[in-house]
Amino acid sequence: MHRITPGNGRSRAWRRIRSGLLAMLCLLLCARPGAAPAAGPTLSFGVLPLGGALESREDWKPLLDDMGRAIGLQVVALSVTSYEGLLLAMQENRVDLAFVSGKLAVDAVLENGMKVLAQVTRPDGLPGYRSVLLARRGGPVASLEDVLARPGRWSLAHGETQSMSGYVIPQLQLFTPRNIQIETHFRSETIDGHQGAALAVANGEVDVATNNTADLERFARRFPAEYARLRILWESDLIPHGAIVMRIGHSQELMDKVRAFLRDYGRGSGPAAQAQRAVLARLHGLAGFLVADDRAMLPVLQLEYQLARRQAMTGQWVSEAARQARLARLQAEYEAQRQRLQK
């Protein structure tokens with residue numbers, strides 16, 4: 001958990017430096033022995049830290065063991081404590097495969113030499129989940145309007161900048177359209193995972209927090225008393241589900257084996273399929289995987305572009321010409337990235 005108080009550019013720069021240092025530290029502390037991408041018969045699977053690092057690794061182990069048997073290679077988990085940690089692992093080629101959010105999947109494809117193999121699905125059948133803003137039931141926050149209309153009054157917990165539901169979508173759909181900059185609007189910021197943010201609200205440590213509908217379901221099962229103390233002030237539009245990505249350097253034959261394993265996992269009838277569905281249920285309530293490719297991340301790319309454009313439109317510039325130049329650069333970058341995802 002990182003706590004930040006509003007300030008000038010130096011405080012935000014320190015936030016980025018600190019995130020990078022913590023990411024490097026968590027890779028050193030949280031990596032399982034032998035979990036680096038292997039030469040030879042071992043693949044390293046990066047685990048998005050939706051709960052604790054150890055908990056996430058243990059939740060994924062049965063599926064990774066099944067994957068290893070199916071493809072004939074050992075698959076081990078590299079579990080980190082932050083999105084920054086997983087991003088750094090991909091940048092440094094420490095993982096062969098990874099379970100990532102939509103934004104991290106876009107980064108993986110465009111910047112880190114990986115490709116999308118599959119997207120997760122959930123029992124509700126919806127093509128995504130929703131970002132939410134939480135407050136404590138019976139607490140000081142009366143309503144969403146109360147949050148928006150009283151700058152400097154409330155404390156906020158939110159996700160890292162790579163988190164779609166914890167940061168990108170609330171910025172895009174809630175704060176930026178109202179010309180609210182969270183760095184100055186809130187009394188303080190706390191950067192945390194979804195579980196930690198929900199606990200902070202439930203325990204009265206912060207006033208409001210971002211989260212999402214999928215992780216709240218898991219939170220309700222693990223912390224029913226704390227969940228009962230939460231209420232939702234705001235919900236976003238649907239956000240595309242996370243994805244499984246794999247490094248391009250592996251053979252097409254191996255990629256096809258992994259994709260086929262994911263496609264078939266938990267499908268059909270019989271004891272084996274039932275056991276696999278139980279594994280998926282422990283994995284954040286998943287129902288399975290749908291075969292996908294890089295084009296599945298086009299909606300996420302568009303959301304990122306919309307946020308960047310809206311921030312450029314509402315930001316302060318030395319001149320209108322500078323604003324228009326920024327908008328033109330964003331448009332050109334978006335078109336180039338969109339073409340890459342469509343290949």
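Computed from a predicted structure; not experimentally measured. Along the sequence shown, residues are numbered consecutively beginning with 1.
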Worksheet item: To the nearest 0.5 Å, what is the distance between CG (L73) and NE2 (H250)?
Response: 9.0 Å
Discussion item. Please determine whether the number of non-hydrogen atoms from other residues, nucleotides or ligands lying under 6.0 Å from atom CZ of R267 exceeds 12.
Written reply: yes
Practice prompt. Working to the nearest 0.5 Å, report the span between CG of L301 and CD of E333.
Written response: 10.5 Å
Practice prompt. Would you mind reporting whether W60 and S79 have side-chain heavy atoms less than 4.5 Å apart?
Written response: no
Discussion item. Please find the pair of heavy atoms, one from H241 and one from R122, that lie closest to each other, and give the distance.
Written reply: CE1-CD, 3.3 Å
Discussion item. Given 3.5 Å as the limit, does a donor-acceptor pair link the side chain of T176 with the main chain of Q171, or not?
Written reply: yes
Discussion item. Could you tell me if E335 and Q339 have a donor-acceptor pair between their side chains, going purely by distance under 3.5 Å?
Written reply: no
Item to complete: Give the C-alpha distance, both sets of side-chain angles, the deciding distance and a yes or no for side chain to side chain contact (heavy atoms under 4.5 Å, CB included) between R338 and Y305.
Response: CA-CA 10 Å; R338 186 170 63 86; Y305 168 66; over 6 Å; no
Worksheet item: Side-chain contact, heavy-atom cut-off 4.5 Å: V168 with I239?
Response: no
Discussion item. Under the criterion side chain to side chain contact (heavy atoms under 4.5 Å, CB included), I'd like the reasoning laid out for L341 against L110: C-alpha separation, chi angles, the key distance, then a yes or no.
Written reply: CA-CA 8 Å; L341 291 182; L110 296 179; 4.0 Å; yes
Worksheet item: Are the side chain of Q276 and the backbone N or O of G266 linked by a donor-acceptor pair below 3.5 Å?
Response: yes
Worksheet item: Between H194 and F219, is any pair of side-chain heavy atoms under 4.5 Å apart?
Response: no
Practice prompt. Check F261 against A70 and note the closest heavy-atom contact, atom names and distance.
Written response: CD1-CB, 3.6 Å
Discussion item. Looking only at side-chain N and O atoms, does R222 offer a donor or acceptor that is under 3.5 Å from a partner on Q195?
Written reply: yes
Discussion item. In this structure, is the centre-to-centre distance between the rings of F175 and F186 below 6.0 Å?
Written reply: yes
Worksheet item: So do the side chains of Y167 and I191 get within less than 4.5 Å of each other, counting heavy atoms only?
Response: no
Worksheet item: Under a single-linkage definition using a 4.5 Å side-chain heavy-atom cutoff for Ile, Leu, Val, Met, Phe, Trp and Tyr, are V116 and I248 assigned to the same hydrophobic cluster?
Response: no
Fill in: From OH (Y265) to CZ (F289), nearest 0.5 Å
8.0 Å
Worksheet item: Is a side-chain N or O of R94 found less than 3.5 angstrom from the main chain of G46, in a donor-acceptor match?
Response: no
Fill in: From CZ (R178) to OG1 (T314), nearest 0.5 Å
13.0 Å
Worksheet entry | D66/R69 ion pair, N-O < 4.0 Å | yes
Discussion item. Between N93 and R247, is there a side-chain donor-acceptor contact under 3.5 Å, judged purely by atom types and distance?
Written reply: yes
Worksheet entry | Donor-acceptor side-chain pairing of S44 and D96 below 3.5 angstrom | no
Discussion item. So does L230 get a backbone contact from the side chain of R137, meaning a donor-acceptor N/O pair under 3.5 Å?
Written reply: yes
Item to complete: Indicate, with yes or no, if the rings of F223 and Y227 have centres closer together than 6.0 Å.
Response: no
Worksheet item: When you look at L133 and L144, which way does the side chain to side chain contact (heavy atoms under 4.5 Å, CB included) test go after all the steps?
Response: CA-CA 9 Å; L133 186 70; L144 176 62; 3.9 Å; yes
Worksheet item: Only one of D215, T213, I169 clears side-chain contact (heavy atoms from CB on, under 4.5 Å) with V132; which?
Response: T213
Worksheet item: So which of N211, N212, T210 actually passes side-chain hydrogen bond (donor to acceptor under 3.5 Å, both in side chains) with S165?
Response: N212
Discussion item. Quick one: does any side-chain atom of Q173 pair with a main-chain N or O of D237 as donor and acceptor, under 3.5 Å?
Written reply: yes
Worksheet item: Does the side chain of L148 reach to within under 4.5 Å of the side chain of I180, using non-hydrogen atoms?
Response: yes
Worksheet item: Hey, are N203 and R136 close enough side-chain-wise for a donor-acceptor pair under 3.5 Å?
Response: no
Worksheet item: Hey, is the main chain of A135 close enough, under 3.5 Å, to the side chain of R231 for a donor-acceptor pair?
Response: no
Fill in: Whether over 12 other heavy atoms sit under 6.0 Å from E253 CD
no
Item to complete: For the pair R323 (side chain) and A312 (backbone), establish whether a donor and an acceptor sit closer than 3.5 Å, ignoring hydrogens and angles.
Response: yes
Item to complete: Answer yes or no: is there an ion pair linking E58 with K61, defined by an N-O contact shorter than 4.0 Å?
Response: no
Fill in: Atom of L199, atom of E226 and distance for their closest heavy-atom approach
CD2-CG, 3.9 Å
Practice prompt. Rounded to the nearest 0.5 Å, what's the gap from CG on L216 to CZ on R221? Could you check?
Written response: 11.0 Å
Fill in: Worked verdict on T121 versus L286 for side chain to side chain contact (heavy atoms under 4.5 Å, CB included)
CA-CA 6 Å; T121 61; L286 302 184; over 6 Å; no
Fill in: Cluster overlap L117 with L298, hydrophobic side-chain contacts below 4.5 Å
yes
Discussion item. Using modelled atom types and a 3.5 Å cut-off, is there a donor and acceptor pairing between side-chain atoms of R310 and backbone atoms of L172?
Written reply: yes
Practice prompt. Run the salt-bridge test on D294 and R340 with the 4.0 Å N-O cut-off and return the result as yes or no.
Written response: no
Worksheet item: Are M246 and L283 in one and the same hydrophobic cluster, where Ile, Leu, Val, Met, Phe, Trp and Tyr link if side-chain heavy atoms are under 4.5 Å apart?
Response: yes
Worksheet, complete the sentence: Heavy atoms of A77 and V47 approach each other most closely as CB-CG2, 4.0 Å
Response to the item:
One should read off an interatomic distance between M255 CE and L97 CG, to the nearest 0.5 angstrom, of 8.5 Å
Discussion item. Could you see if L238 belongs to whatever hydrophobic cluster contains L307? Use Ile, Leu, Val, Met, Phe, Trp, Tyr and a side-chain cutoff under 4.5 Å.
Written reply: no
Response to the item:
Of all heavy-atom pairs linking S163 and G166, the shortest is OG-N, 2.9 Å
Worksheet item: Side chains of L64 and V76: does their closest heavy-atom pair fall under 4.5 Å?
Response: no
Worksheet item: Is there a path of hydrophobic side-chain contacts, each under 4.5 Å between heavy atoms of I, L, V, M, F, W or Y residues, that connects V106 with L290?
Response: no
Discussion item. Suppose the criterion is salt bridge (Lys or Arg N to Asp or Glu O under 4.0 Å): which pairs have a residue in residues 110-120, not counting sequence neighbours?
Written reply: none
Item to complete: Report yes if some heavy atom in the side chain of P151 is under 4.5 Å from a heavy atom in the side chain of R187; otherwise report no.
Response: no
Worksheet item: Ion pair present between R263 and D256, side-chain N to carboxylate O less than 4.0 angstrom?
Response: no
Worksheet entry | Nearest non-hydrogen partners of Q162 and K103, listed with the distance | O-CB, 3.5 Å
Worksheet item: How about V291 and L262: do any of their side-chain heavy atoms sit closer than 4.5 Å?
Response: no
Discussion item. Using only atom types and a distance under 3.5 Å, with no angle test, would you say the side chain of S236 pairs donor to acceptor with the backbone of R130?
Written reply: no
Worksheet item: When you measure from the side chain of E160 to the backbone N and O of Y83, does any donor-acceptor pair fall under 3.5 Å?
Response: yes
